[in-house]
Each structure stands twice: as structure tokens, then as C-alpha cells.
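All values derive from a computational prediction rather than experimental measurement. Throughout, protein chains are lettered first and strands after them, A, B, ... in sequence-line order, and every chain is numbered starting at 1.
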Amino acid sequence: MTSEQSSKSSSRNGSNHLLKRVWYSTSVPVFAVLLALLIGAIILLVSGADPLQAYAALIKGSFGNTEALSRTLQKTTPLIFSGLAVAFAFKAGLFNIGAQGQLLFGAIVAAVLGFGIHGLPAVLHASLALLGGAFAGALFGAIPGALKTYTGAHEVITTIMLNYIAINITDYLADGPWKDMTPGNIVARTPKILDTARIPSVAGLPLGFLIALIFSVVTWWLLRKTTIGFEIRTVGLNPNAAKYAGIKVAKTIILTMVLSGLLAGIGGAIETQGVVGRYQPGFNTGLGFDGITIALLGKTNPIGVIPAALIVGAMKAGSSQMQFSAGVAKEITDVIQALILFFVAADMIVRWLLRIRAAEEEKVTLSTGWGQQ
Amino acid sequence: MNETFALEVKNITKRFPGVLANDRVDFNLRKGEIHALLGENGAGKSTLMNVIYGLYTPDDGEIFINNQKVEIHNPHDAIHAGIGMVHQHFMLVPVFTVVENIILGSEITKRTYLDLNTASKKVKQLSHDYGLVVDPDAVVEDLPVGIQQRVEIVKALFRDAKILVLDEPTAVLTPQEVEDLFVVMRNLTERGVSIVFITHKLKEVLEIADRITVMRRGKVVGTTTPSETSEAKLAEMMVGREVLLQVEKAPAIPGDVVIKVSDLVIKDERDLVVVKDVSFDIRAGEILGVAGVQGNGQTELVETLTGLRQAESGTITINGTIMPFQNPRVMIEAGIAHIPEDRMKHGLVLPYSVADNLVLCTYYRPPFARGIERNIRSVYDNSERLIEQFDIRTPSPLVSAGTLSGGNQQKVIVARELSRENHLLIANQPTRGLDVGSIEYIHKRLIEMRDSGIAVLLVSAELDEIKSLADRIIVMYQGNIVATVDADKISRSELGLLMAGSQVANIPSLN
Ligand SMILES: Nc1ncnc2c1ncn2[C@@H]1O[C@H](COP(=O)(O)OP(=O)(O)OP(=O)(O)O)[C@@H](O)[C@H]1O
Ligand SMILES: [Mg+2]
């Protein structure tokens, strides 16, 4: 076939293809969410609540007014980062369960820089704290990367263990050297960060959320449009071919974990600087782990992570309203979230339930992401 | 007359996005015959067989077994209908034993516990009946490819296959293993098994087939028998034009030494010395052939020369500079191109597009990247150019390499490596799985490269290929170079003797 023929046939099928691709990549996540909501509704029904009322309250509490929306975006922000962290590592074939620990370090270092440094102008101070948090996350992410390349220790094991180390170290710091010594305070927490270190909201729109959107795009760009991304994806898809192509596999793995940790660290820093205002143990619990659900729900695509994080963020934001006006325990949102994770992870079950045939045709992947031309 | 066919397909059509892989194909298989299926790369042979084995759902067409229409929706149905398939890339679990592999997949439906002893007995019986010698308790990863293939065949017979599909079984076999396979195939047909045999080697077809069907661009071109046809006629049927089966080349005009290998000692994964004190050099403008039965150190030698493997001692000098070990990037930068032996393992990233695979080794350089930013446009343009030049059959540069036919995947690698600026080409089985037309083209390109002053190291299991392309030949046996000879001073059979371990002193023409 001549190239002229082939380009003709590809443009003929172009728009059709694109639709198919979009359908193929979103059908499972969308159905996973719907299925989870459906089962959630059944559980609500069985427990004697009105699912419609509950879900209406959930939506009202998360998107009903500007205040609710703002709260949703705030909750979504760290989730985007932890989702990005997990998704990014996935591209190199790494399963970073340690986003939680990396995020905690980002959060506490941002807090220290936020309360410990005085006399800086606002933009500079906030940026410095953010950078510090990013750096802390990156450093903590580097450890499992280095352990993997130099000793062969599997990152799933090391990141799980490092999470405990992170929890205990940050607990200690917040209850010891960096404890809030305001008279009367007995809880473990750092002092409040200065106003100059805060990441504010502008007209109800949290700036942190904007930063998260920017990072999603940058991560997408890095993976899709740069040589570094090409190296990372090659290592993830075929390490032998990567080596053959002259890519330094060990270096790439460490770099990936550093950047993954960096993303998680920024998530923690923004949570400190934009929401909590200090570091307090327990306030960031679960954010890193949610990243796993979000990365899978977003099909490990940095842009897909945004709507995925939004769904989880909205449930977190609206759950109080639901409890309040529909009398449904907040925990039902945790159940729904767990069901979502279950269904996206068990891709096959959804496919089977919905008879989505993983037809051989659909294996035609446009891996470079420039099918639009 | 209404003949009963073991297998008959009518009007099979299978479409992939942008490709009509099977276009109203009719094909039949008589009881107890060996029916060879020929066709250029991407003609639709594997697709047709995958349809018959239930891996693909055809868009149209019918399948008959013993003149009875059957519905085959998945491999389970196919096995039930008595069809067995040996894929080109084996589907065995490397860490399992032979019996475990054989019963894998069939155990669940029949028993609640694994009756390995009974299975083992049945395997032994099958081995005995058909002359398929395998040790049921051997671990698969320790077995040579020829034996692994046997395991695949036994696996099919274990499920009572009456129809056996062999997709390019000889591509990875040594000449001796091919002979052994043919004995087995004849044994099977004598016992009533019918065989579809896919290959690109015309000699084999003429030797073993009862009938030959040729496909081109998704359609059946015709069916013939070995007595009515010849290599040249088959080649023409396949490609649609006359094919030069002989390579034409002028004598080499060697220039300066490009690569000098001194006293190289290499160990394999099991810490055994597999290359012992090997030294040779290659000059610009010459092709050095490496002959040897697989497993005599050639793989490890090539991996070391291309930076994939550490050597124990010795040096590699390229254009006067001593090269580091285990640094493929340095080797690429020094102008070494490498067609790897195993295209799935090293040569391709299957989920990547054809375009990305075509820049796998040069993605970071201009014009494919500026700084860290990739230049997608030039990656695309490059792929369009190479697809046309090397006649890679793909609906678009953007489909993933994994969807290409085996031979077209190989062409992607060859196109990438031959098109890049280089001083030395290391080609390990460069034409494995290619059709005659493509082989002709690649051979021509290799000679052109030689004539333009590039040094070429050619490793091939095809004696004919080595004989006709190489200017000088080194023979490897058990990790040693046992002979270095001029290609035109040695016959094919003498080469065979050296490869089997004969001493140079025993070859009259070399003394
Ligand atoms: N899963 C798939 N998705 C998309 N296209 C495919 C797929 N499998 C095969 N094709 C296309 O169908 C055509 C026929 O491929 P097939 O593998 O049947 O060729 P073949 O005759 O076996 O060639 P070869 O000798 O190279 O193995 C090719 O153009 C290939 O690109
Ligand atoms: Mg094939």
C-alpha cells in the first residue's frame, strides 16, 4: 500500500476512530461509577433510606451553590495530585502505593516553611513553601526508586513500609520539635502558617485547584510530548526494548519515582497552604490512597485524572450535606468509592456485565496521542 | 463428487480498521494432507487461521468440519471441534513442566484435582505414537525452541486434535530441527491428522506439502501442488512479479577496519562461559557472516557488541576507540545499527505506534526532538517515508506495531536500523519471518550498504543467506571461532560440517 493510500484511508476512518477510542477508554470508568452508585442505592434502600433523596443531597452539597462548588474544588485538588502521582508512576510500570507518605512529607515541610520563615512577600513565601513541599515529596519518592534499582526491592512493598515511616516521622515532628506551643494547645499539630504562605481562593475559586489543572496538563505534556516521557513509557511497556534503545532503565525508574513523589508532595503542600493552614496529623489521611482509585478511574491518563478526582472530591464535599438532610451516614460515600475502585480494577467484570466485547479491533491504540491530525 | 474435507472454510471475510485482512477466502483441507499456506507478509494467513481457531470473529463466512457446518466463537469451540494450533510465538508457561503446560486449560473442566500421573502417561503414549520425544517432567524454560514447539504439538494432540495448524513453525528452528519436525508431520498425517502449514520457505513447501494455497492481499490467488510448480513460480504467485531468488553482488572492496574484537570472553545468565576468547575484525565495505548452530554463543556475542551485555574480558574497538561495555547508547552514537534476534523482546514496543517504533533508537535526536520536546511531525513524516520505502503493510503509521503481521513487524525493525546513519550494521536473523519479495529487497539493501562503505556483521541460521551475502564467514562452535573462511571458497555442506564441530583439517578444500 502506498503512503498516499494509507493516509487517505486513515483520514476516512479518522473521526470514526476517534469516537471509538473515546468510547473505549471512557466506557468502563463511566459504567464503574454508575454501577457503584446503583449498588450504593440498593444499600441505601435496604437500610431504609431514600436513595434519590440522598443522592440529591449529595449533589446539592457538592455542586448546589458557589460555596459548595468551592468546597468540592478544594477537596478535589490534593486528589488530582495524588492521582497524578500514581498515574505517572504507572506509566513506567511502577505501582506507587507510597503517594500517601510522600504527600505527608510535602504537607509538613510546607507547614514548617510556612510558619518558620518570616518577612517574605506573599507570592515568594507561598512559592517557597510549595517548592519545599514538592522537594520533600520528591526526596521521599526517590527512596523506593533507588531501592528498586539498586537492590531489586519491589516498590509495592517498600512504598507500603515507607508510608508507615512517613506517618510516624510526621506524627513525631508535629508533636515534638515542630509542635504548636501556643499556650493551651495540647494536640499534636504545627503552628499556623503565616498568611504570606497561604494559597488563597480568588472569587471562590481555590488557586490550588488551578495549579492542579496546570500540573495535569504539564504531566500530560511531559509524558506525551517529550523525550523524557517517551523514555518513561518505553521502560513501562518493554524494559528490554528500552535498554536496546539506549535508555538508562535504572535512571528512568528513579526519575519517575522522584517526579511521582514530587506530584504527591505538591498535593500535600497545597492542602496545608490552601485548606488546613497548618500540619495536623490525621487531616491528610487517605488522600494518597485515594490516588490509586483516581488513577485507575482516570485510566492513568493525566487529563482523565481530573474528572476522576472531581467525582471523588464531590462525594467528600457533599457527604456532610447528605448526612444532614437525608439522614444517611457519611460512610456510604466511602462504600461507593470502594465499589468504584472495585469495578475499575475489575475491568473484566464490568465488561462482562455490560457485554463490552474487548474486540480485537479496539486494540488499535494510537499510543502517541496524535491521532487528531 | 462430494469429497469430505477435514476442514473447509467458505467466503471468510475479516476486516480490521483500515485493512481487509481476509477477503471472501475459500480454503479446504483434505483428510491426512499437509496443506501449505503461502503468501507475502500481511497477506492474511495468520488472520485466517486465527478465525478458524476462534480467536477472531469473522465478519462473514462459514466453517465446516467433515462437511458439517460448525460455529466457532472461541478457542474452546475450536478445540472441541478437533482443531489445534501452534502459534508462531509459543504460549507456554516457562516455569511449568511439560505435563503441567500440556494439561493447562484442560484440567479445570474435567477434574477437581490435577491428575498429573495419568496425564504424564498419556503424554508418554503420545510421544511414543507420533515420534514426538519429550520429557514430561522437564521444565519448559530449559528446553530448546525445537522441543518447546514439540510440547505445543503434543499439547494439541492431548486435546485430540485432528486438524493441526502450524503458523510458521520453522522460522525459529535449526535445519536439523526442521528435518525432525517434518518426520513428525509425516507421522501425524499417516495417522489421519490433517495439517495446515504456514511458512515463507519455498524449499520446505516443495519438500513436504501435498497441496499449496497462495494468498495475496487478503485473497486466495490459487491452489497448486509441488509437482506442478517451482520456487520461482510460487514466488511469482505470492508477490505478483518475478523475484530474484539469487543475490547479485560485485566483489567486496574492503577499506579500513571499523570494528576490532579482541579476546572477548562472555558468560551467560547461568555463569557459564559461552564465548571463549573470540577475536575478529570487520572492514568498511565487507560483510562478515557468522555461521553456527543456534546456541553456540552467537546471541551473547551480538548482545555484547551492541552494549546489551557485559563481557568478562577482552575489548571492542570501533574506528580506533575502545568501547565501554553495557552501554547501548554509546554504541548507537558510535554508529552501530542493530537488528536484534528477538523482535518481541528487544526490537519493538508493541503497544507503540509504527511511527514511534521507527524512531525507537533516535527519538532524542534532531529532527525527532528539539531539546526535550519531541517533534511529532517529523516522526510522522519519517514513518511515512520508511513505510513506503520498505513496503511495510500497515493501514496507517499510527496503528500500534502489535497489530501488524509478523513479517511486517520485522520490516519495521529493519527499516529503522537500515535507515539510520551508521558505520556498522549488526544484523541477527534479519530476514526471519519475511516473505521472498521482502527478503530480496533487504538483501539488496544490505549489499548496497556494504558497497557504500559500511561494515556488516550478519548472523543467520539460514546457510543460504550467509553463503550468498557474506564476503567472509566465521564459524562458531561451542563459543569458539573454529574457522574463518572466504565465502566463495567453501561449499554449503562443508560449512555444515564445520558448524557440527568438524576440524578445519578435515575439510580438504580449506587446506
Ligand atoms: N489484531 C489486529 N488488528 C488490526 N489489524 C490486524 C490485526 N491482526 C492483523 N491485522 C492486519 O491484517 C493484515 C493481515 O495480517 P496477518 O497477520 O494475517 O498476515 P500474515 O499473512 O500472517 O503475514 P506474516 O507472513 O507477516 O505473518 C495485516 O495487514 C495486519 O496489519
Ligand atoms: Mg503471520
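Most heavy-atom pairs under 4.5 Å with chain A: of the set Asp342(B), Leu360(B), Asn327(B), Val349(B), this distinction falls to Leu360(B). For the set Gly347(B), Pro340(B), Gly42(B), the entry with the most heavy-atom pairs within less than 4.5 Å of chain A is Pro340(B). The greatest number of non-hydrogen atom pairs below 4.5 Å with chain A, out of Cys361(B), Ala369(B), Gly371(B), is found for Cys361(B).
Using a 4.5 Å cut-off between heavy atoms, Ile372(B) touches chain A through backbone and side chain atoms alike. Only the side chain of Gln326(B) comes within contact range of chain A, judged by heavy atoms closer than 4.5 Å. Residue contact with chain A, scored on non-hydrogen atoms closer than 4.5 Å, is absent for Arg309(B). Met344(B) touches chain A through its backbone: at least one of N, CA, C or O sits under 4.5 Å from a heavy atom, while the side chain does not.
Atom CD1 of residue Ile228(A) and atom OH of residue Tyr364(B) lie 15.0 Å apart, to the nearest 0.5 angstrom. Atom CG of residue Leu222(A) and atom CD of residue Glu373(B) lie 11.0 Å apart, to the nearest 0.5 angstrom. Residue Asn375(B) holds its CG atom at 12.0 Å from OG1 of Thr227(A), rounded to the nearest 0.5 Å.
In plain terms, the two heavy atoms of Tyr352(B) and Phe230(A) that are nearest each other are OH-O, 3.1 Å.
Looking at heavy atoms from C-beta onward, Thr234(A) lies out of side-chain contact with Asp356(B) at the 4.5 angstrom threshold.
The environment of OH in Tyr363(B) is crowded: more than 12 heavy-atom neighbours from other residues, nucleotides or ligands sit within 6.0 Å.
For residues 236-257 of chain A, heavy-atom neighbours of chain B at less than 4.5 Å comprise Leu237(A), Asn238(A), Asn240(A), Ala241(A), Lys243(A), Tyr244(A), Ala245(A), Gly246(A), Ile247(A), Lys248(A), sorted by residue number.
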